[in-house]
Structure formats: C-alpha cells, structure tokens
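The next block holds one structure in the form of structure tokens; read it before the comments.
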Amino acid sequence: MLIAAAGTAHAAAIPAADWEHQFPFPPRAAYLRAQLVDPAGAILALSNPLWRDRP
C-alpha cells in the first residue's frame with residue numbers, strides 16, 4: 001500500500017519476493033509512505049515518508 005495524508009493512494013498484491021514497480025506520485029499528495037500488510041491485515045513493514053519536493 002502507498003499511503004498519503006488523504007488515505008490509501010494505491011494498493012497492490014505483491015506477486016513475488018523480488019518485485020518492483022514504479023507508481024506515480026499523486027498530484028496533490030505532500031508525501032507518500034509504503035506499508036506491507038498480510039492477508040489478515042497485520043502490518044509487516046512501514047517506510048518513512050517520502051516528501052514531495054516543492055519549488
């Protein structure tokens with residue numbers, strides 16, 4: 001899941017242990033953070049926020 005201040009920006013099932021994907025930064029989001037959640041809803045990992053650069 002990618003989480004912004006407004007809530008979930010994107011959610012996807014991870015199909016393999018070695019997986020990568022590029023997601024667009026939502027236009028109005030000031031930051032995004034990622035979290036991994038198991039099928040029961042337990043949070044397995046959290047990232048620090050990635051802040052949008054503002055000119």
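Just so you know, these numbers use all the heavy atoms, side chains as well, and skip hydrogens, waters and symmetry mates.
Residue Leu2 is grouped with residue Trp19 when hydrophobic side chains (ILVMFWY) are merged at heavy-atom distances under 4.5 angstrom, including chains of intermediate members. Note on Ile3 and Val37: same hydrophobic cluster, where clusters join Ile, Leu, Val, Met, Phe, Trp and Tyr whose side-chain heavy atoms are under 4.5 Å apart, directly or indirectly.
When the side-chain contact (heavy atoms from CB on, under 4.5 Å) test is applied to Ala11, the partners found at least two apart in sequence or on another chain are Met1, Thr8. For Phe23, the ring pair (Phe, Tyr, Trp, His ring centres under 6.0 Å) test picks out His10, His21, with sequence neighbours left out. Remark: Asp38 pairs with Ala40, Ala42, Leu44 by the side-chain contact (heavy atoms from CB on, under 4.5 Å) rule, at least two apart or across chains. Among residues two or more places apart in sequence or in another chain, the side-chain contact (heavy atoms from CB on, under 4.5 Å) test is passed with Ala5 by Tyr31. Qualifying side-chain contact (heavy atoms from CB on, under 4.5 Å) partners for Leu46, counting only residues two or more places apart in sequence or in other chains: Arg33, Gln35, Ile43.
Residues Phe25 and Leu50 come closest through the heavy atom pair CZ-O, 3.6 Å.
Put simply, the side chain of Arg52 gets close to the backbone of Pro26: a donor and an acceptor are under 3.5 Å apart.
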